[in-house]
Amino acid sequence: MENYDAILVFPKLWEKEFNPPNQPPYGLLMCADLLLKNGHNVFVYDERLESFGLKQRSELVQAVKHSKPLFFGISSQSGPMIENGLLLSKFFKQECPDVPVVWGGVHPTLLPDQTIKHPLIDVVIKGEGELPSLGIAENMKKGNRDFSNVNGLYWKKPFGKSFQNEEQKIIVNDPCPGVPNLDEIDMRWDLVNPKHYIRDIDGKKWLGVITSRGCPFRCGFCYNISFFGMRKFRGWSPKKTIEEIKKVLDWGVNYVNFDDDYIFGDPLRMWGILDLKKQEGLDFEWKAPIRGHLLRDALTKRLKDGGCSSVTIGAESGSFEVLEYMTKDSGPDAYYMAAKNLKKYDIQGNFSWILGYPGETLKDVYVTLNVIKDLEEINPKTEHVLNIYAPYPGTPSFDQAIERGFKPPQELEGWTDNFREACKELSYINEESKRVMEAIRWAGIFRTMYKRKRLYAGWVRPIVQVLGTISNVRWNYNLYNFPVEQKAVTVGREVLKRMMRKRNEEIQKESSC
């Protein structure tokens, strides 16, 4: 059994995963690249794969028990991932109490002060993780447990066994600007099995790829403002991007899902990627996020000619007033144009929407529903996903929400149920409006799932069929009383929570044996 210097884990996103992930743990694979290039052996474990028998917990347990790691790394977003990550942290602490447990990712970056206070966490990486991860490993290898020389960290001094005898302090280091040239970072597919992330959909082999970081726009709700900095964008060069895409094409992939926050952040870069794709005769279709106002006729045609078959548009609202609150810098006219041109060039349009934004009224919500229905009339192939707004710390909308009465969780565990799929604390929305918004949201979700039911596991499809049929009737006639879909999901989640917590307790006992 190999000895690993760094053990990096991506926890489950939910109590249970219902579909195999199409996205590898990008951040961990890129952090691992710099560690490997500097002589540190790395083990990457994706807990999501356990739900499908593609990974066994014993692999992680054995890696921990047979290694003398320099640190454990856990990536986290807001939501159930936090609870799952804390269970992993507890296991690491039990096995290797003197090895630092390091948290990174979106949630720890947005709330580093709160995250570092948790007793199971020794270090928080704020922002991009490659350079801080390497700094931690280099220090620990030299026996230096003082991380004052590593930018981008919130950390406890001391940590581990020595904490029992000394007063502990939280130290905040200077920010880390990140790797200057992203072309120096490779996606380390060799640390995972790429086949675990390839999905067969409609005769195509899909795989997620990420090529850039940040976004040049200023949406008031977006985590990018705090994570990468306001309106900052950078990415691999076109040449490097094509090199990375060639890797996945070698595995039989013929559909690339660009998971960038906004791959068109530098349009010249994107056109360079498509030009190289054409020059090298690479045959693959692709999907990517784009702003609706860009989808004019000529540009939409260029996307189609470049192999694009689907786009995602963050529309957010049909109300001009709400869009102004969001500083979205776009509006329904752009969405109508996009839907029309996507239909003309046979490109799938996927629109996402936010309900419950600070300042939004129920009247605004119904304006959004009418815009969605207009879009479906213009282009029946469009699909729409609605989410309840969740305030992200460090964003303008977070302050707006607090001004209206939002009370954010005061401890890390509290964010397990406060995220964009299930924010419970939007106290500025009255109970009647909240009930209607939740009913609309679940009707929208099951309508979309109904259209995509072929993508779900066999045992899930009958449930989607029934709830999707009910949701379509509810949607068509604006009948949002007695939301049985929401009740079914709530009951199902509670049952799953109890089952998974019992299973986690069993895993903890097995791991300690």
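Note that this is a predicted model, so its numbers are computed, not measured.
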Chemist: Could you tell me the separation between the NZ atom of Lys328 and the OG atom of Ser317, rounded to the nearest 0.5 Å?
Modeler: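 Result: 10.5 Å between the selected atoms.
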Chemist: Measuring only between side-chain heavy atoms, which start at C-beta, is Leu191 closer than 4.5 Å to Leu8?
Modeler: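 Leu191 vs Leu8: side chains apart.
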Chemist: Between Trp353 and Gly318, is there a donor-acceptor pair closer than 3.5 Å when you use the side chain of the first and the backbone of the second?
Modeler: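 The answer is no, because no donor-acceptor pair under 3.5 Å joins these two groups.
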Chemist: Among all residues two or more places apart in sequence or in another chain, which pass the salt bridge (Lys or Arg N to Asp or Glu O under 4.0 Å) test with Glu403?
Modeler: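 For Glu403, no residue satisfies salt bridge (Lys or Arg N to Asp or Glu O under 4.0 Å) once neighbours in sequence are set aside.
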Chemist: Just so I know, are the side chains of Asp46 and His196 near enough to count as touching, which here means a heavy-atom distance under 4.5 Å?
Modeler: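 The answer is no; the side chains never approach within 4.5 Å.
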Chemist: Test of understanding: with salt bridge (Lys or Arg N to Asp or Glu O under 4.0 Å), list the residues that count as partners of Asp260, not counting sequence neighbours.
Modeler: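 With neighbours one apart ignored, the set is empty.
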Chemist: Do Phe233 and Tyr262 have their ring centres less than 6.0 Å from each other?
Modeler: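 Aromatic pair excluded; centres sit 6.0 Å or further apart.
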Chemist: Would you say Ser397 and Thr395 are linked by a side-chain donor-acceptor pair, where the criterion is simply a distance under 3.5 Å?
Modeler: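 Judged by distance alone, the side chains do pair up.
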Chemist: Any donor-acceptor pair under 3.5 Å linking the side-chain atoms of Thr109 with those of Tyr223?
Modeler: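 No, no side-chain donor-acceptor pair sits under 3.5 Å.
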Chemist: Can you see whether Tyr450 engages Asn472 through a side-chain donor-acceptor pair at a distance of less than 3.5 angstrom?
Modeler: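 No, because no side-chain N or O of Tyr450 sits under 3.5 Å from a partner of the opposite role on Asn472.
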Chemist: Looking at Glu360 and Gly356, would you say the former's side chain and the latter's main chain have a donor-acceptor pair under 3.5 Å?
Modeler: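 Yes; at least one donor-acceptor contact below 3.5 Å.
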Chemist: Would Tyr335 and Glu316 count as having a side-chain donor-acceptor pair, cut-off 3.5 Å?
Modeler: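 No, no side-chain donor-acceptor pair sits under 3.5 Å.
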Chemist: Please check this pair: side chain of Glu47 against backbone of Lys12, looking for a donor-acceptor N/O pair closer than 3.5 Å.
Modeler: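 Yes; judged by distance alone, with no hydrogens or angles, the pair exists.
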Chemist: Check step by step if side-chain contact (heavy atoms from CB on, under 4.5 Å) holds for Ser212 and Arg234.
Modeler: CA-CA 6 Å; Ser212 65; Arg234 68 195 214 282; over 6 Å; no
Chemist: Do Tyr197 and Pro20 come close enough that some side-chain heavy atom pair is under 4.5 Å?
Modeler: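 No, too far: nothing below the 4.5 Å cut-off.
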Chemist: Determine, for Trp442 and Arg474, whether the Lys NZ or Arg CZ falls below 6.0 Å from the six-membered ring centre while staying within 45 degrees of the axis.
Modeler: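 Verdict for Trp442: no cation-pi partner in Arg474.
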Chemist: Would you say Asn22's side chain and Trp206's backbone share a donor-acceptor pair under 3.5 angstrom?
Modeler: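 Between the backbone of Trp206 and the side chain of Asn22 there is a qualifying donor-acceptor contact (under 3.5 Å).
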Chemist: Is a side-chain N or O of Asn370 found less than 3.5 angstrom from the main chain of Val367, in a donor-acceptor match?
Modeler: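 No, because the side chain of Asn370 does not come within donor-acceptor range (under 3.5 Å) of the backbone of Val367.
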Chemist: I need the Leu207 CG to Gln23 CD distance, nearest 0.5 Å.
Modeler: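 Spacing of CG (Leu207) from CD (Gln23) equals 10.0 Å.
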Chemist: Identify the residue among Thr382, Ile313, Ile378, Leu375 that makes a side-chain contact (heavy atoms from CB on, under 4.5 Å) with Leu342.
Modeler: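 That would be Ile313.
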Chemist: Between the side chains of Tyr345 and Asp297, is a donor N or O closer than 3.5 angstrom to an acceptor N or O?
Modeler: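 Tyr345 vs Asp297: donor-acceptor pair found between side chains.
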Chemist: Can you tell me if Ser310 and Asn350 form a side-chain donor-acceptor pair at under 3.5 Å?
Modeler: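 Yes.
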Chemist: Would you call the rings of Tyr480 and Tyr366 parallel, tilted or perpendicular if under 30° counts as parallel and over 60° as perpendicular?
Modeler: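 Rings of Tyr480 and Tyr366: tilted, as their planes differ by 30° to 60°.
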